[in-house]
Trainee: 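Have a look at the structure that comes next, please.
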Amino acid sequence: MKKIKVLYNQNKLHSEITAEASYTDQKNELSLHAVFNGNESYTIGRRKVTVFPGNFLILNSGTSYDRAIYSDTLANTFAIYFSPKFLLDFQYGYSLPDRNLLDEPMAKNLGTPTTFLETIYPCKGDIKYNLLHLIDHFNENADELLLDDYIYHALLLFHRLYDKEVLHKSSCLDALNAATRNELFKRLTLAKDFMLSNYSQDISLDDISQQACLSSTHLFRTFKQIYNCTPHQYLIQIRLDNARHMLKSTNYTLNEIVSLVGFTCPSTFIKLFKNKFQFTPGTYRTHVA
């Protein structure tokens, strides 16, 4: 099932529930791509990423990509395509102080739209609930002005998330030169995206390092500076978060989930799950989820 709506200001909403779909040679406006069940894979140049529940992907205007859904369960995906005019108006109002906006509320020259780091971002907290409400109103064919309120709020929340996940974290790197720091941060996000996209596979530190074009030692040291954990610890967190989602939203057995998220030992999985969430997987599925 696919539903598309273009609003009066050319913002576009795209919702799809399917187990199989493929789209090639895509090129759109700045867009936000979220997944709430199943997964969706993207090919961006030579780079491949997969978005799972709990995350979303940002793609800049003009970026060429292919995307595909091949899922054992129905994938529930949702995307917002922000119109250039909407983005420029938002950018003008977001970036300038109130005094400037009062003096010139209807600026004619709005500049050029901001571009963002094309990476996988966490879809949690306020931005997750805002998107879920937007989807509900979208499915109910709500008034376009109401939909626009949620789209505006989604963009506002994303800017705040960007400040936290990119601007703040990149500033934590020890590199003194800004250009070096920015390049290093981009490579570390490649490592992060590789783990988020391939957490179910048997991947090593060398595999992650190759994706980031960093030595294993350099990756290990700098990754911890911005994520406060080692790559291995980060990978374990991803696996546990996805296991929690499967316990809540699928009928897979515990042993199936252990295998699907990349663990090899059920007892180790149960111990790690309880340490992180304070419940055993069985108790979580029965009494918490």
Side-chain angles (χ1 to χ4, degrees), residues 30 32-35 39 41-60 63 65 114-125 127-128 157-244 261-264 268 272-273 275-277:
L30 175 75
L32 181 157
H33 303 261
V35 173
N39 62 81
S41 297
Y42 292 78
T43 302
I44 311 163
R46 296 182 179 179
R47 181 179 168 219
K48 295 180 183 291
V49 298
T50 302
V51 183
F52 291 91
N55 298 294
F56 65 87
L57 175 68
I58 287 289
L59 295 172
N60 288 310
T63 293
Y65 63 94
T114 302
T115 58
F116 299 96
L117 184 62
E118 294 181 322
T119 186
I120 298 173
Y121 295 87
C123 187
K124 298 176 181 178
I127 196 165
K128 174 184 176 181
L157 291 170
F158 170 66
H159 272 76
R160 293 174 180 172
L161 182 65
Y162 193 81
D163 289 345
K164 175 184 175 183
E165 292 293 322
V166 176
L167 302 183
H168 173 71
K169 284 184 176 178
S170 62
S171 70
C172 295
L173 291 169
D174 290 338
L176 297 178
N177 181 279
T180 302
R181 187 165 57 246
N182 290 339
E183 177 60 27
L184 177 55
F185 184 78
K186 288 179 181 178
R187 297 194 189 189
L188 291 170
T189 61
L190 293 177
K192 169 186 68 72
D193 287 354
F194 178 71
M195 286 186 281
L196 286 166
S197 300
N198 299 278
Y199 70 87
S200 63
Q201 306 301 314
D202 181 17
I203 55 179
S204 67
L205 183 62
D206 285 342
D207 295 328
I208 303 167
S209 301
Q210 289 177 13
Q211 293 295 319
C213 295
L214 294 170
S215 71
S216 297
T217 303
H218 196 191
L219 171 69
F220 185 91
R221 176 171 58 83
T222 53
F223 192 92
K224 196 168 185 178
Q225 289 176 21
I226 60 173
Y227 294 109
N228 297 315
C229 62
T230 67
H232 174 71
Q233 291 168 337
Y234 191 83
L235 182 59
I236 294 298
Q237 291 176 25
I238 296 170
R239 288 172 170 169
L240 293 174
D241 285 339
N242 279 277
R244 180 173 62 167
V261 299
F263 285 102
T264 56
T268 299
L272 290 170
F273 190 95
N275 287 342
K276 182 173 175 63
F277 300 116

Trainee: State, yes or no, whether a side-chain contact exists between Thr50 and Tyr199 at a heavy-atom distance under 4.5 Å.
Mentor: no
Trainee: Where the side chain of Ser197 meets the backbone of Phe194, is there a donor-acceptor pair that is under 3.5 Å apart?
Mentor: no
Trainee: For residues Phe220 and Thr230, determine if any side-chain heavy atom of one lies less than 4.5 Å from a side-chain heavy atom of the other.
Mentor: yes
Trainee: Are the aromatic rings of His159 and Phe116 close, with centres under 6.0 Å apart?
Mentor: yes
Trainee: Quick one: closest heavy-atom pair of Phe185 and Glu165, and the distance?
Mentor: CZ-O, 3.3 Å
Trainee: Is there side-chain contact between Val261 and Ser200, with heavy atoms separated by less than 4.5 Å?
Mentor: no
Trainee: Do other residues, nucleotides or ligands put more than 12 heavy atoms under 6.0 Å from the NZ atom of Lys48?
Mentor: no
Trainee: CD/Gln225 to CG/Asn228 distance, rounded to the nearest 0.5 angstrom?
Mentor: 10.0 Å
Trainee: Distance check, rounded to the nearest 0.5 Å: Phe273 atom CZ versus Ile236 atom CD1?
Mentor: 13.5 Å
Trainee: Looking at Asn60 and Glu118, what are the two nearest heavy atoms and their distance?
Mentor: N-OE2, 2.7 Å
Trainee: Measure the acute angle between the ring planes of Tyr42 and Tyr65, then classify it against the limits of 30° and 60° as parallel, tilted or perpendicular.
Mentor: tilted
Trainee: Indicate yes or no: at least one non-hydrogen side-chain atom of Ile127 is less than 4.5 angstrom from one of Arg160.
Mentor: no
Trainee: Any donor-acceptor pair under 3.5 Å linking the side chain of Asn177 with the backbone of Thr180?
Mentor: yes
Trainee: Specify the closest pair of heavy atoms between Phe263 and Arg239, including all atoms of both residues, with the distance to one decimal.
Mentor: CE1-CB, 3.6 Å
Trainee: Which atom pair, heavy atoms only, marks the closest approach of Gln237 to Cys229?
Mentor: NE2-SG, 4.0 Å
Trainee: Is there a donor-acceptor pair closer than 3.5 Å between any side-chain N or O of Asp193 and the backbone N or O of Thr119?
Mentor: no
Trainee: Is it the case that atom NE2 in His218 sees more than 12 heavy atoms from other parts of the structure closer than 6.0 Å?
Mentor: yes
Trainee: Measure the CG-CD1 distance between Leu219 and Ile208 for me, rounded to the nearest 0.5 Å.
Mentor: 6.5 Å
Trainee: Describe, in one word, how the ring planes of Tyr121 and Phe158 are oriented to each other, choosing from parallel (under 30°), tilted (30 to 60°) and perpendicular (over 60°).
Mentor: perpendicular
Trainee: Rounded to the nearest 0.5 Å, how far apart are CG of Asn198 and CD of Gln211?
Mentor: 7.5 Å
Trainee: Assess whether side-chain hydrogen bond (donor to acceptor under 3.5 Å, both in side chains) is satisfied between Ser209 and Asp206, documenting all intermediate values.
Mentor: CA-CA 5 Å; Ser209 301; Asp206 285 342; 5.0 Å; no
Trainee: Please give me the minimum heavy-atom distance between Phe56 and Cys123, naming the atom from each residue.
Mentor: CD2-CB, 3.7 Å
Trainee: To the nearest 0.5 Å, how far apart are CG in Leu173 and CZ in Arg221?
Mentor: 9.5 Å
Trainee: Checking Lys186 side chain against Leu117 main chain: does a donor-acceptor pair fall under 3.5 Å?
Mentor: no
Trainee: Are Leu161 and Pro122 side-chain neighbours, meaning at least one heavy-atom pair lies under 4.5 Å?
Mentor: yes
Trainee: Would you indicate whether Lys169, at its atom NZ, is surrounded by more than 12 heavy atoms from other residues, nucleotides or ligands within a distance under 6.0 Å?
Mentor: yes
Trainee: Report yes or no: does Asp163 contribute a side-chain atom to a donor-acceptor pair with the main-chain N or O of His168 at less than 3.5 Å?
Mentor: no
Trainee: Any chance you could measure Met195, atom CE, to Ile120, atom CD1, to the nearest 0.5 Å?
Mentor: 11.0 Å
Trainee: Hey, does the side chain of Arg181 reach the backbone of Ser171 with a donor-acceptor pair shorter than 3.5 angstrom?
Mentor: no
Trainee: Using modelled atom types only, decide if a donor and an acceptor are shared between the side chain of Asn275 and the backbone of Leu272 within a distance under 3.5 Å.
Mentor: no
Trainee: For Tyr162, does the OH atom have more than 12 heavy-atom neighbours from other residues, nucleotides or ligands under 6.0 Å away?
Mentor: yes
Trainee: Write down the atom of Leu205, the atom of Ser216, and the distance for their closest heavy-atom approach.
Mentor: CD2-CB, 3.9 Å
Trainee: Going by heavy atoms in the side chains, are Leu214 and Leu184 under 4.5 Å from each other?
Mentor: yes
